[in-house]
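Structure, as structure tokens:
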2 protein chains.
Amino acid sequence: MAEGSGTPRVRRTKAEQRAETLEQILDAAEYLFSENGLHGVTLRDVAQRVGVHTTLLHYYFDDKRDLFEAVFARRAGVTSGRRIEAMERYEAEAGDKPTVEGALHAFLDTDIDLYLERGEPWLNYAAFCARVSNTPEGAALMDVHFDPVVLKLISILKRALPQVPEEDLFWGYHFVTGALMNAFARTGRLDRLSGGLCKSDDLVAVKQRMAKFMAAGFLTFPGRSEPA
Amino acid sequence: MAEGSGTPRVRRTKAEQRAETLEQILDAAEYLFSENGLHGVTLRDVAQRVGVHTTLLHYYFDDKRDLFEAVFARRAGVTSGRRIEAMERYEAEAGDKPTVEGALHAFLDTDIDLYLERGEPWLNYAAFCARVSNTPEGAALMDVHFDPVVLKLISILKRALPQVPEEDLFWGYHFVTGALMNAFARTGRLDRLSGGLCKSDDLVAVKQRMAKFMAAGFLTFPGRSEPA
DNA sequence: ATTATCTATAGATCTATAGATAATGC
DNA sequence: ATTATCTATAGATCTATAGATAATGC
């Protein structure tokens, strides 16, 4: 909330100002969409959170959907790129003996680390993705932005489990991504359910467990077990 | 859509009429909420789908949120009850040697079977739960309606894996429910991603794989492996 | 002299209420 | 004589556009 009383407005170049305002708008929208979804947020909500007038949003974006897509796209390339790199690095070091667990560590941990390292806005992005992943709008954007990462993962899994039918690998991925999105959603339900034993925003705990947990699942698929 | 042209209105008692209309409204709302969430659906959308006037919804329900909660509550008891029974039956037959996989079969397959047996409206309910499970409104209702089922599952898992810390069991459950909700959401993303190899509405495929997959995951938790 | 932000406002849509009409119930 | 459904409508809110004002840019 950029109240006039706080920091006195420093003189900025127009490009800077544009970039700053854009980022503030996207941050606010990202947070609000992550809580309430596309339809649960009004442009007024976003504008109020930034401290600007609603109509300014129309200066930067065509309409609400355009803003929504911009939120999705802004960080998609970063997470996508980092994960693909991590998987390529893993492939190189594993040679012709990649393992399911190794691939999943590269796929999952890289992403979790990104959000842990960069703090709140990125955690909001993770929650945003989780929130919209099972909506028509969100799923369509995932197709556009995340297919390459997923197909990269599948390709390593195929080499790790050559005798497992490809469908099983996709089903396994489906389970993995559901679990991951649920972890990113951080609804607080786990906290209440477990009587405070677990915190749903404890992504460190997720990272410690998830790759190994899921890898074991893949090894249950008939075909053959992983070359240890 | 109850067009006047179709079946001629049979004379019904008021109680019958009330029950029928209520069910039609809940069915329509369930479907629409499952696609677009609480905020993505207007009362007008629901009324139009039923073929009645919007204001009739206010005759049966206080407001939109009341309708939403009624949709959630209507089938919650059925799925909840069936799953608890199935887990109790399993406990009785397993004696003092329950297994993770056995518990998960009772927990997961019972639910999947319910939706497969009873067809579309119930499949919509599953999608509805999935759609709202990571929203504030949805998570709160899950607390109310589904905590007992989940805690029952946890209690069996505790006996199956006595040396595994309770937190791990909750984290494992967190992964399981994320995967299950993603399967119930049936967004079609898996179909596109896999080039048609998998169908996201193929709950039979989910049932065939999920319990075993997840059971293997639980066995990765340090403490000790399951007494085979 | 261009760009960022705000004021004013139109038009659409949505929730919700009051009160009328048309059925069923005794 | 009660209950189910519809008509009419108020008030709020939301998206989006047109055009004014206030900054930065040469």
Side-chain angles (χ1 to χ4, degrees), chain A residues 1-29 31-33 35-71 137, chain B residues 1-29 31-33 35-71 137:
Chain A
M1 253 134 291
E3 292 281 54
S5 59
T7 31
R9 290 223 167 164
V10 184
R11 192 184 169 93
R12 292 168 300 181
T13 163
K14 281 196 175 173
E16 280 172 4
Q17 193 166 348
R18 184 185 185 86
E20 259 180 60
T21 304
L22 259 174
E23 199 177 317
Q24 283 182 6
I25 293 172
L26 288 169
D27 283 349
Y31 170 73
L32 291 168
F33 283 141
E35 289 263 303
N36 302 108
L38 174 62
H39 303 293
V41 176
T42 68
L43 292 174
R44 218 162 142 242
D45 292 335
V46 179
Q48 256 174 2
R49 196 176 162 83
V50 178
V52 297
H53 206 270
T54 312
T55 52
L56 188 61
L57 303 189
H58 282 106
Y59 177 69
Y60 286 107
F61 301 97
D62 286 351
D63 53 22
K64 190 160 86 165
R65 202 166 218 106
D66 187 34
L67 172 61
F68 182 80
E69 288 178 14
V71 168
E137 315 88 51
Chain B
M1 249 136 291
E3 292 282 53
S5 59
T7 31
R9 293 224 163 163
V10 185
R11 193 185 169 92
R12 292 168 299 181
T13 162
K14 281 197 174 174
E16 280 172 2
Q17 192 166 348
R18 183 185 186 85
E20 259 180 59
T21 304
L22 259 174
E23 200 176 319
Q24 282 183 7
I25 292 172
L26 289 170
D27 283 349
Y31 169 73
L32 291 168
F33 284 140
E35 290 263 302
N36 302 108
L38 174 61
H39 303 293
V41 176
T42 68
L43 292 173
R44 218 163 142 241
D45 292 335
V46 178
Q48 255 173 2
R49 196 176 163 85
V50 178
V52 297
H53 205 270
T54 311
T55 51
L56 188 61
L57 303 189
H58 283 106
Y59 178 67
Y60 286 107
F61 302 95
D62 287 350
D63 53 22
K64 190 160 88 164
R65 201 165 218 105
D66 187 35
L67 171 60
F68 182 80
E69 288 178 13
V71 168
E137 315 88 52

Checklist entry - Is A:Tyr60 touching bases, backbone alone, or none of the nucleic acid, heavy atoms closer than 4.0 Å? => result sugar-phosphate
Item to check | Distance in Å, B:Ile25 CD1 paired with B:Glu23 CD, rounded so as to fall on 0.5 Å steps | outcome: 11.0 Å
Checklist entry - Roughly how many Å is it from CG in B:Leu56 to P in D:dC6, rounded to a whole number? => result 6 Å
Item to check | Gap between atoms CG and P, on A:Leu67 and D:dC14 respectively (whole Å) | outcome: 15 Å
Checklist entry - Partners of A:Glu20 by side-chain contact (heavy atoms from CB on, under 4.5 Å), sequence neighbours excluded? => result A:Arg12
Item to check | Between C1' of D:dA4 and CD of B:Gln24, the distance in whole Å | outcome: 13 Å
Please list, for nucleotides 16-21 of chain C, all pairs of protein and nucleotide N/O atoms separated by less than 3.5 Å.
{"unit_1": "C:dA16", "atom_1": "OP2", "unit_2": "B:His58", "atom_2": "NE2", "d": "3.2"}

Checklist entry - Who passes side chain to side chain donor-acceptor pair (under 3.5 Å) against A:Asn36, sequence neighbours left out? => result none
Checklist entry - So what does the secondary structure string of DNA chain D come out as, 5' to 3', with Watson-Crick or wobble pairs under 3.5 angstrom, [ ] for crossing and | for pairs with another strand? => result ||||||||||||||||||||||||..
List, with names and distances, any nitrogen or oxygen atoms from the protein found under 3.5 Å away from nitrogen or oxygen atoms belonging to nucleotides 11-13 of chain D.
none

For a quick test of your reading: what N or O donor-acceptor pairs under 3.5 Å do the side chains of residues 37-47 of chain B make, sequence neighbours left out?
{"unit_1": "B:Thr42", "atom_1": "OG1", "unit_2": "B:Arg44", "atom_2": "N", "d": "3.4"}
{"unit_1": "B:Thr42", "atom_1": "OG1", "unit_2": "B:Asp45", "atom_2": "N", "d": "3.0"}
{"unit_1": "B:Thr42", "atom_1": "OG1", "unit_2": "B:Asp45", "atom_2": "OD1", "d": "3.3"}
{"unit_1": "B:Thr42", "atom_1": "OG1", "unit_2": "B:Asp45", "atom_2": "OD2", "d": "3.2"}
{"unit_1": "B:Asp45", "atom_1": "OD2", "unit_2": "B:Thr42", "atom_2": "N", "d": "3.0"}

Checklist entry - Can you tell me how far P of C:dA22 sits from CD of B:Gln17, to the nearest Å? => result 15 Å
Next on the checklist: If the condition is side-chain contact (heavy atoms from CB on, under 4.5 Å), which residues does B:Glu35 pass it with, not counting sequence neighbours?
Outcome noted: B:Tyr31
Item to check | Sequence neighbours excluded, every pair satisfying salt bridge (charged side-chain N to carboxylate O under 4.0 Å, His left out) that has a member inside residues 52-64 of chain A | outcome: none
Next on the checklist: According to side chain to side chain donor-acceptor pair (under 3.5 Å), who are the partners of A:Glu137, at least two apart in sequence or on a separate chain?
Outcome noted: A:Thr135
Next on the checklist: Using 0.5 Å steps for rounding, measure from the CG atom of B:Leu26 to the CD atom of B:Gln24.
Outcome noted: 10.5 Å
Solution key, residues 53-61 of chain B side-chain donor-acceptor pairs under 3.5 Å, sequence neighbours excluded:
{"unit_1": "B:His53", "atom_1": "ND1", "unit_2": "B:Thr55", "atom_2": "OG1", "d": "3.3"}

Close N/O contacts between protein and nucleotides 1-3 of chain C (under 3.5 Å):
{"unit_1": "C:dT2", "atom_1": "O2", "unit_2": "A:Lys14", "atom_2": "NZ", "d": "2.8"}
{"unit_1": "C:dT3", "atom_1": "O4'", "unit_2": "A:Lys14", "atom_2": "NZ", "d": "3.0"}
{"unit_1": "C:dT3", "atom_1": "O2", "unit_2": "A:Lys14", "atom_2": "NZ", "d": "3.4"}

